[in-house]
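First the structure, in the form of structure tokens, and then the observations on it.
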Amino acid sequence: MAVGDYCTEVLTLFAHPTHAGDLEATAGTRLHGEAAALDRSAWVALSALCRDGRVIQARWRAWGCPHLLAACELTALQLEGRPLESLARFSLNELAERLEVPAEKLGRLLVIEDAQRALAASMPATG
Amino acid sequence: MAVGDYCTEVLTLFAHPTHAGDLEATAGTRLHGEAAALDRSAWVALSALCRDGRVIQARWRAWGCPHLLAACELTALQLEGRPLESLARFSLNELAERLEVPAEKLGRLLVIEDAQRALAASMPATG
Amino acid sequence: MSAPVYLDYAASWPVDPRVAEAMTRALLEPDLQANPSAGHPGGQRAALAIEQARGSIAAMVGADPGRLLITSGATESDNLAVLGVARGQRDRGRHVITSRGEHRAVIDACRQLEKEGFEVTWLKPERAGCVEPWQVLEALREDTLLVSVMHANNETGALCDLAPIGAACQARGTLLHVDAAQSAGKLPLDAGALGVDLLAFTAHKLGGPKGIGALACSERALAALQPLQFGGGQERGLRSGTSATHQVLGFGLAATLAVEAMQAESDRVSGLRERLWSRLQSVGGVWRNSPAEGCLPGTLNLGFEGVEGESLMLAIRSGVWASSGSACASASAEPSYVLRAMGLSDLACQASLRLSLGRWTEADEVDRAAVLIAGAVERLRERAPPGVRSRIR
Amino acid sequence: MSAPVYLDYAASWPVDPRVAEAMTRALLEPDLQANPSAGHPGGQRAALAIEQARGSIAAMVGADPGRLLITSGATESDNLAVLGVARGQRDRGRHVITSRGEHRAVIDACRQLEKEGFEVTWLKPERAGCVEPWQVLEALREDTLLVSVMHANNETGALCDLAPIGAACQARGTLLHVDAAQSAGKLPLDAGALGVDLLAFTAHKLGGPKGIGALACSERALAALQPLQFGGGQERGLRSGTSATHQVLGFGLAATLAVEAMQAESDRVSGLRERLWSRLQSVGGVWRNSPAEGCLPGTLNLGFEGVEGESLMLAIRSGVWASSGSACASASAEPSYVLRAMGLSDLACQASLRLSLGRWTEADEVDRAAVLIAGAVERLRERAPPGVRSRIR
Ligand SMILES: Cc1ncc(COP(=O)(O)O)c(C=O)c1O
Ligand SMILES: Cc1ncc(COP(=O)(O)O)c(C=O)c1O
């Protein structure tokens with residue numbers, strides 16, 4: 001109930017994010033999606049480096065509460081290795097459960113979903 | 001303010017009364033006066049042994065609070081040696097001041113005054 | 001000279017040294033100093049310690065810790081229950097039932113309700129300060145919002161038979177408040193099973209610190225309450241104010257210790273009480289205002305023919321600390337309605353003495369106290385006019 | 001690893017070890033265990049000790065000890081002042097003036113008054129959470145019963161200029177209540193000279209225990225109050241409930257120690273506050289919500305461009321305990337009206353942090369905290385989208 005109650009997974013992901021920041025300068029297709037809902041205290045940017053129809057590297061930047069930042073880290077982790085055609089799939093429930101996100105914060109996770117949709121939409125049209 | 005706040009004089013007179021009880025069986029005129037006001041929690045009996053126009057011994061019995069009992073002791077003390085014609089004189093103010101009797105208890109001292117009046121009135125009529 | 005014998009447990013218990021020690025630790029422990037509402041680990045640790053203590057406090061009275069509100073004492077708990085329910089539910093009715101035998105915290109809160117337009121039925125306590133269940137049953141009405149009765153009377157120790165009252169209130173949907181300040185921690189108490197919606201008690205009558213109490217609530221009661229004080233939203237929004245960590249921890253430990261010792265202490269203390277009673281009978285002309293059955297283990301309210309209470313108190317005070325039987329320890333002294341309702345005259349009320357025993361009372365203290373009291377009674381009787389004794393009894 | 005740096009003094013001070021020791025003695029001393037309302041010597045000694053402590057508490061704020069009511073804390077004091085005056089004087093008027101920058105104890109009490117048919121004028125704090133005197137003067141009406149303003153704001157530390165408000169209220173016979181929970185014991189305060197009728201404060205913000213506070217009253221105020229809780233008649237009948245001897249003694253000693261150290265501590269702590277401010281400026285994009293002049297010595301409310309408060313709090317919490325700048329330590333978190341009224345956007349409010357220093361803050365702690373906070377701010381900014389910083393300031 002108290003402000004600042006986080007499960008271990010949030011604490012770990014928040015303290016040691018390995019996917020925060022920008023993509024490495026490697027060859028591949030670069031995707032980028034961004035969404036913000038400042039009234040819900042959330043601003044999320046996702047980027048992905050793709051090769052051979054798969055995400056080989058994902059990175060995030062975000063402004064928001066620890067749950068949001070941890071959820072971004074988890075999202076980036078899960079994006080890596082994914083085939084491009086599944087890029088628009090986003091499981092809010094799974095994230096929320098794993099990170100024990102309190103109900104009043106669920107709206108913030110939707111911003112990640114929006115960013116991921118934008119990421120998927122940024123794919124160059126193949127024929 | 002607190003219940004049970006008594007000045008030193010009350011404490012001494014209450015703890016070591018030398019005039020409580022009954023008169024000794026010595027020759028002399030015996031006077032007795034009694035007054036009660038149960039609604040004010042006071043019942044006072046005074047007795048005096050008189051010879052040669054003076055009180056030579058005074059005793060009290062009383063039922064009431066410590067202030068009342070101490071005031072009875074002081075009254076008996078002051079009666080001793082007094083000439084009979086002054087017997088009806090009673091100084092409420094002096095008693096009240098000396099014993100620091102709280103205002104709400106002053107009514108009780110009037111019962112001593114009544115007993116002392118009765119004492120004076122019990123004098124056998126001289127011619 | 002030996003220390004005075006403390007026979008005023010009904011007014012307040014000395015703090016249990018184990019409780020004092022735990023409180024000292026709480027006052028010095030850096031991790032427990034933060035505001036328990038603070039979001040950082042310091043605040044969280046304090047909040048956690050409070051929740052553990054709340055569990056112990058609730059367990060003592062068969063309450064749900066999630067619905068146990070911490071207050072500053074039974075006075076506040078009583079007021080929160082009485083004023084809180086009535087004000088919170090004033091649209092649903094205006095009738096409250098209580099008795100003239102209650103503690104002033106309940107009586108004066110109910111008087112305040114009368115000023116606010118409520119109708120209060122004042123039952124006359126039939127049993128040494130406590131009401132009989134039939135009295136409540138008779139007084140219950142369609143529009144009765146609240147019944148407030150005490151579990152154990154603070155002057156006499158008499159116990160109220162709560163179960164039938166609880167059942168009747170539950171059947172009608174009327175909230176039942178019980179002031180258990182005197183009994184909590186001393187007798188088994190199961191608020192849930194008894195159908196009690198609001199149970200008030202206080203730490204300092206069971207070995208805990210002064211200035212902390214609780215109000216255990218049923219779900220219905222919780223929804224019905226209007227707070228007495230508003231603010232930061234602590235205690236489910238029903239009792240705002242920074243939680244006093246060390247106080248709550250002291251209360252919690254006192255509750256745990258009370259439960260552990262309850263059966264043994266109840267036997268031991270009631271044994272001492274009977275010893276005191278039999279020793280005091282030597283003076284003659286002594287009567288018992290406390291019931292012999294259905295009474296708190298530690299409370300013995302007595303009357304002495306021909307004796308005035310204030311003088312008796314002073315005569316014994318270098319050796320025995322007790323309360324006059326006619327007034328609970330309160331800042332103002334009023335004649336006791338409880339004793340008068342038992343048929344005692346005003347004067348007999350004034351001839352009464354409340355001796356109350358507890359955790360640290362020993363047999364030799366009881367014997368010492370009996371000798372001192374008997375001596376003082378005899379001395380005062382000798383000083384009283386001969387007619388007094390037959391009148392003041 | 002060294003202990004976390006405690007920078008949450010505005011929420012609560014650690015208990016002064018000297019106070020803890022005095023309280024321990026009071027908890028163990030047989031002579032202080034009785035109920036202070038009891039008539040026997042035990043009760044009288046406790047009552048006497050309480051009166052001495054009351055004198056120290058009153059002296060700290062220039063109040064008359066005979067009119068200083070002991071409560072369970074500033075929340076209760078605020079409620080007693082606001083609800084007590086309004087309910088007690090409802091026949092004389094229905095208008096109350098306060099500000100949206102007050103502590104929730106005052107705000108929520110005033111909201112309750114609105115439900116009870118009073119009209120509340122809600123001033124918009126012009127000065128970092130505090131009102132300017134002209135605002136009050138403008139709002140005063142014929143039927144204004146009470147003005148309630150705070151002396152020092154709990155979020156920013158900004159100080160209110162009380163004297164002109166006091167003079168205006170006195171001239172019109174309107175009662176003035178001042179919440180001095182943050183300033184009492186830290187700055188010289190003379191309730192009488194300032195024309196303050198009701199002054200609320202609490203022990204745990206100046207080194208005393210939690211769960212005890214005071215409301216210092218003028219004669220007029222005392223006559224005007226309706227109690228929040230009724231009962232045994234303690235505290236002049238205005239705050240019933242058994243007095244908590246150890247708590248009052250702790251409060252009394254804390255007051256004495258606060259007065260002794262006031263000038264030196266005020267200089268020392270404000271020096272440390274400026275040191276912290278200058279150290280933190282290295283990160284850039286940091287602004288100060290607290291005024292540089294006319295501020296409590298220990299409070300520094302800051303904002304960091306591009307940073308979200310909750311994440312900042314978590315990022316520093318293994319090394320620094322502080323509060324988010326947008327919410328006082330309360331059981332519920334609401335966006336801060338105080339900061340928004342200063343022109344900050346919701347997002348800027350969320351980028352704020354309240355660092356508060358006090359009696360045991362040391363220079364090396366300040367330096368350590370500055371390094372940790374600056375590092376966390378930088379890390380969070382690196383993780384934020386590039387557009388954020390220009391938007392969130
Ligand atoms: C029956 C009863 N109710 C209420 C109270 C008040 O409790 P507190 O002293 O915690 O305010 C007391 C004792 O003082 C009591 O005996
Ligand atoms: C300005 C102000 N008023 C009132 C309070 C409430 O005081 P307490 O914690 O004693 O209930 C606080 C702190 O919590 C405060 O900062």
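Bear in mind that the values here come from a model prediction, so they are computed numbers and not experimental data. Order of the sequence lines sets the chain letters (A, B, ...), proteins ahead of strands, with each chain counted from 1.
The closest side-chain heavy-atom distance from D:Arg391 to A:Trp63 is not below 4.5 Å.
The closest side-chain donor-acceptor pair between D:Glu308 and A:Ser41, if any, does not fall under 3.5 angstrom.
Between chain A and the residues D:Gly309, D:Gly387, D:Ser345, the largest count of heavy-atom pairs under 4.5 Å involves D:Gly387. Ranked by heavy-atom pairs under 4.5 Å with chain A, the list D:Gly306, D:Ala315, D:Ala384 is led by D:Ala384. For the options A:Ala36, A:Ala45, A:Pro17, A:Gly64, heavy-atom pairs under 4.5 Å to chain D are most numerous at A:Gly64.
For A:Glu34 against D:Pro385, the heavy-atom pair with the smallest separation is OE2-CB, 3.8 Å. Heavy atoms only, all atoms of each residue included: A:Pro66 and D:Ser311 are closest at N-OG, 3.1 Å. Taking each heavy atom of A:Ala15 and D:Arg383 in turn, the nearest pair found is O-NH2, 4.3 Å. Among all heavy-atom pairs drawn from D:Pro386 and A:Arg61, the shortest one is CD-CD, 4.1 Å.
Atom CG of D:Leu314 sits about 4.5 Å away from atom CZ of A:Phe14, to the nearest 0.5 Å. From D:Arg317, atom CZ reaches atom CG of A:Leu11 across 5.5 Å, with rounding to the nearest 0.5 Å.
A:Leu38 touches chain D through backbone and side chain together, each having a heavy atom under 4.5 Å away.
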